[in-house]
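Naming: A, B, ... by sequence-line order, numbering from 1 per chain. What you see is a predicted model; the values in this text were computed from it and never measured.
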Amino acid sequence: MKQSLLFVPTLRDMPKEAEVISHKILLKGGYIKQSAAGVYSYLPLGYKIIKKIENIIREELDAIGCSELLMPALQSKDLWVESGRWEAYGKELMRLEDRHERAFCLGPTHEEVITSIVRDFINSYKKLPVALYQIQTKFRDEFRPRFGLMRGREFIMKDLYTFHATEEDLDGWYLKVRQAYQNILDRMDLHYRIVSADSGNIGGSSSEEFMILCDIGEDTIVYSDESEFASNSELHNLSVGDPSPDGKGHILQAKGIEAGHIFKLGTKYSVPMKANFIDKDGLTKPIIMGCYGMGISRLLMAVLEQHYKDEKALWPQEIRPFDIHILPLDKEQTANYAIALDVYDKLTKAGYDCLFDDRQESPGVKFKDADLVGIRNRIVVGRRAGEGIFEFKDIKDDTVKEMTFDEIMAMNFKL
RNA sequence: CGGGAAAUAGCUCAGCUUGGUAGAGCGCUUGGUUUGGGACCAAGAUGUCGCAGGUUCGAAUCCUGUUUUCCCGACCA
C-alpha cells in the first residue's frame, strides 16, 4: 500500500478532548475520529486493526464450532416486552419510533433476537447444541461516555450465544469458550485476569469477566496473592491486606478494563420467550443458554494501553496494520526512491503486507508518522541505499541494523 | 443526574477583566532554497467568535437562556 493512497490523517497537535494515552495516540495517529460524545468513526488504519482483531476472534470461535451470523441492530419493542427488559433495561436502551409510531430500540445486546430465531428453528434435543455469534455495532445510551472507545454509546462488539439441552452441556461449552477467550487475548499479547463478576442486566446464574490490567480501567478487581481467587470488587467488599475469602493468601487490588464477559444464562430468556425443545423423554423443556461478549472497539484501546512507548504505538504482531513499513528518504523521489520501490515490490511479492511511504515529505515527517503508525519492522532507504545497504529498525526492541537486501529478504517478518 | 472546566481558522490556542476593523503558531496554496527525526525564506487563502435573545450608537468581549464537549463523582454487560 502506498502511504499517499492510505488515508492516515495524523495530527501535529494533540486534540484537547483526549485524556488517556491510548485515546491520544488513536486520535493523533489518524486511527479514529470523534463524531459525538462516545461516537467515533474508525478511519482506515484503525479499521484495519479492528478487522485483524475480529479475524482472530473468528478463527478462535470457528475452531470450537461456532457459526457467525448477523442480526439486526434495529429491534422491535415486542421482543423486549417478551423478555421483560423493555422496562427493566432502563434509560441505557436507545429507543425510537418509526413513522407509524411503532416502538423500536437500537440493540445494546441480542439475547431477545437470537432467542426468537433459535426457538423457531430448534425444537428437538437432536438439534442441540447451537452456537451462534455476530460482530456488530451495539448501542447503549451511557450517562457518561468516556475515554474515547473505552465507554462509547456506539461500539463494536462480538456476542456469542449458545443453546443446550442440559446444564452439563452448557458447562462444557462455557469452558470451551472460556479457553477460546484466553487464546484470543493471548494472541493480542494482552495481560489480563479472569474474575468472577456480577451478571447485571444480562442476568443468569454465574459470570466471569476478562479484565485487561491497566490503570485507566474502570473496574477494580480484588484478588488473592496466593490463590486463583479473583473478583470484580462490586461482588466482594474487600480491602488490600484482607484475608482472601478462599482462605488462601491476602487481598491485592488492580484496575482493569472489561474486555470480555461470559455468562451462564440458564433459562432466563428461554422461559419467558418460550424457547423450548422436546427432550429424549418426550418432555417439553426450556433451552439452556449461555452468552459471551467481547468488546472489539474497546480492545483496540486496551491493546494500546499495554503497548506503547513515549506516545508511540507498538502494535502486537498479530494485529499490526502492516508487516513492514518502508521509508524512502529522498524527497525528490530519484535514485533512492527507485531502489526503495524495488524493495517494496519484492517484499510484497514475498507475501508481506507492506506500507510504502511514497509521500514527498521530509524525513522528519516520515519518521514521526511512522512512529504513530507503530509497525514493528521498519526499513529505511537512506544515504547508503546506493551501495545496497538498508537500515532495518525493530521498533519493539528499539534496535537499528544496517543490512543488505539479501539479508532483509532472509528475515521472517511474520514473526 | 450532582460538581468542575471549556466552546474563536483544519489543529493547538491568544484576545474577554476595561465593548470600538478577527489574531498567532502549526497545517494548507504558490514560488524559491533545503533533504536522516515534524526544515527555511517570501507571498497568499481560510471564520455565522457554538446557538438564541437582551443591554448598547456599537458585542467574540457585558447579561439571560440554551446546545455541545471534556474531567471528577454517581450510574453502568
Side-chain angles (χ1 to χ4, degrees), chain A residues 9-20 23-24 27-30 33-40 85 88-93 107-111 138-148 150-153 155 157-161 195 197-204 206-211 216 218-219 232 234 257-265 268 290-296 298 310-312 327-337 357 359-372 378-385 389-391 393 400 402:
Chain A
T10 54
L11 305 174
R12 300 230 172 180
D13 298 304
M14 199 62 83
K16 61 181 171 182
E17 71 200 56
E19 196 76 15
V20 301
H23 193 197
K24 286 181 179 180
L27 289 168
K28 189 161 192 279
K33 183 169 191 335
Q34 185 177 38
S35 184
V39 181
Y40 287 82
R85 286 206 293 184
Y89 212 95
K91 288 186 175 176
E92 205 178 316
L93 189 63
T109 177
H110 280 68
E111 284 80 9
K138 299 285 196 254
F139 300 86
R140 291 187 192 177
D141 195 1
E142 297 285 352
F143 268 128
R144 185 185 164 208
R146 59 194 302 199
F147 294 160
M150 193 62 62
R151 179 164 296 278
R153 294 190 295 171
F155 56 98
M157 178 170 133
K158 184 284 302 171
D159 44 326
L160 163 68
Y161 306 89
V195 306
D198 181 359
S199 46
N201 250 339
I202 303 291
S206 68
S207 75
E208 288 176 297
E209 291 169 327
F210 290 72
M211 290 290 187
I216 68 158
E218 294 187 273
D219 292 277
N232 193 310
E234 63 197 14
I257 298 169
E258 180 190 345
H261 199 158
I262 59 179
F263 303 79
K264 290 182 185 175
L265 291 178
K268 176 182 160 84
C291 89
Y292 319 81
M294 187 167 262
I296 292 172
R298 184 181 278 184
D310 306 329
E311 301 199 343
K312 302 174 200 168
L327 308 186
L329 292 188
D330 63 326
K331 197 174 176 179
E332 296 307 314
Q333 306 197 335
T334 54
N336 284 6
Y337 183 83
D357 195 340
R359 301 172 304 164
Q360 296 197 26
E361 296 286 355
S362 69
V365 171
K366 290 186 177 183
F367 284 127
K368 290 284 186 186
D369 278 352
D371 289 338
L372 287 166
R378 183 182 303 170
I379 295 172
V380 179
V381 181
R383 46 172 86 94
R384 296 194 68 192
I389 303 292
F390 304 94
E391 187 175 299
K393 179 165 185 177
V400 179
E402 292 205 318

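Look at NE2 on A:H23: it is 8 Å from P on B:C70, rounded to the nearest Å. A straight line from CZ of A:R144 to P of B:U69 spans 13 Å, rounded to a whole angstrom. We find that CD of A:E142 is positioned 9 Å from C1' of B:C75, with the value rounded to whole Å. Straight-line distance from the OH atom of A:Y89 to the C1' atom of B:C76: 9 Å, rounded to whole Å. Separating the CD atom of A:Q360 from the C1' atom of B:U30 is a distance of 15 Å, rounded to the nearest angstrom. Taking atom CG on A:L27 and atom P on B:C70, their separation rounds to 11 Å, with Å as the unit. Remark: P of B:A74 and CD of A:E218 are 11 Å apart, rounded to the nearest angstrom. As a whole-Å value, the separation of A:F143 CZ from B:G3 C1' is 16 Å.
Counting heavy atoms from C-beta on, the side chains of A:H261 and A:S207 come closer than 4.5 Å. Two residues are said to be in side-chain contact when any heavy atoms from C-beta on lie closer than 4.5 Å; A:R378 and A:F367 meet this criterion. Proximity of A:L27 to A:K33: side-chain heavy atoms (C-beta onward) are nowhere separated by under 4.5 Å.
Across all strands shown, B:C1 forms a Watson-Crick or G-U wobble pair, both distances under 3.5 Å, with B:G73. Across all strands shown, B:A45 remains unpaired; no Watson-Crick or G-U wobble contact has both distances below 3.5 Å. Judged by Watson-Crick or G-U wobble contacts below 3.5 Å, the nucleotide B:G20 has B:C57 as its partner. Look at B:A14: it lacks any Watson-Crick or wobble partner with both distances under 3.5 angstrom.
The gap from the P atom of B:A60 to that of B:U48 amounts to 14 Å, rounded to the nearest Å. Using P as the reference atom, B:G19 and B:C63 are 12 Å apart when rounded to the nearest Å. For the P atoms, the distance from B:U69 to B:U34 is 49 Å, rounded to whole Å. When the P atom is compared between B:A9 and B:C51, the two are found 11 Å apart, to the nearest whole Å. Nucleotides B:A39 and B:G27 place their C1' atoms 15 Å apart, quoted to the nearest Å. If you take atom C1' in B:A24 and the same atom in B:G32, they sit 25 Å apart, rounded to whole Å. One C1' atom belongs to B:C62, the other to B:U56, and the distance between them is 10 Å to the nearest Å. Only the C1' atoms considered, B:C49 is 13 Å distant from B:C13, to the nearest whole Å.
Of the candidates B:C75, B:G25, B:U69, the closest approach to any side-chain atom of A:Q34 belongs to B:U69. Of the candidate nucleotides B:C11, B:C70, B:C76, B:C70 has the atom nearest to the side chain of A:E17.
Looking only at distances, a side-chain donor or acceptor of A:K366 sits under 3.5 Å from a matching main-chain atom of A:D357. Of the possible donor and acceptor atoms, none in the side chain of A:K24 sits under 3.5 Å from a partner among the backbone N and O of A:K16.
Among the protein residues, A:K91 comes within range of no part of the nucleic acid, since none of its heavy atoms lies under 4.0 Å from any strand. Within the 4.0 angstrom heavy-atom criterion, base atoms lie near A:F155. Using a 4.0 Å heavy-atom distance criterion, A:A36 is classed as a sugar-phosphate-only contact.
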Enumerate all atom pairs, one protein N or O and one N or O from nucleotides 33-43 of chain B, separated by less than 3.5 Å.
residue	atom	partner	partner atom	Å
B:U34	O4	A:E332	OE2	3.4
B:U35	O4	A:E332	OE2	2.5
B:G36	O2'	A:R383	NH2	3.4
B:G36	O6	A:R383	N	3.0
B:G36	N1	A:E391	OE1	2.7
B:G36	N2	A:E391	OE1	2.6
B:G36	N2	A:E391	OE2	2.5
B:G37	N1	A:D371	OD2	3.3
B:G37	N2	A:F367	O	3.4
B:G37	N2	A:D371	OD2	2.1
B:G38	O2'	A:R12	NH1	2.7
B:G38	O6	A:L11	O	3.3
B:G38	O6	A:K28	NZ	2.9
B:G38	N1	A:D369	OD1	3.3
B:G38	N2	A:D369	OD1	3.3
B:A39	OP2	A:S362	OG	3.4

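Between A:R298 and A:M150, the shortest heavy-atom contact is NE-O, 2.9 Å.
Comparing A:A37 and A:H261 against RNA chain B, the residue whose closest nucleotide sits nearer the 5' end is A:A37. Of the two residues contacting RNA chain B, namely A:Y40 and A:G260, the nearest-nucleotide position lying further toward the 5' end is that of A:Y40.
Between A:K28 and A:D13 there is no salt bridge, since no side-chain N of the basic residue sits under 4.0 Å from a carboxylate O of the acidic one. For the pair A:E391 and A:R384, the salt-bridge criterion is not met [side-chain N within less than 4.0 Å of a carboxylate O]. Classification of A:E218 and A:R146 as a salt-bridged pair holds, one side-chain N sitting under 4.0 Å from a carboxylate O.
Within 3.5 Å, a donor on the side chain of A:R151 pairs with an acceptor on the base of B:C76, or the reverse.
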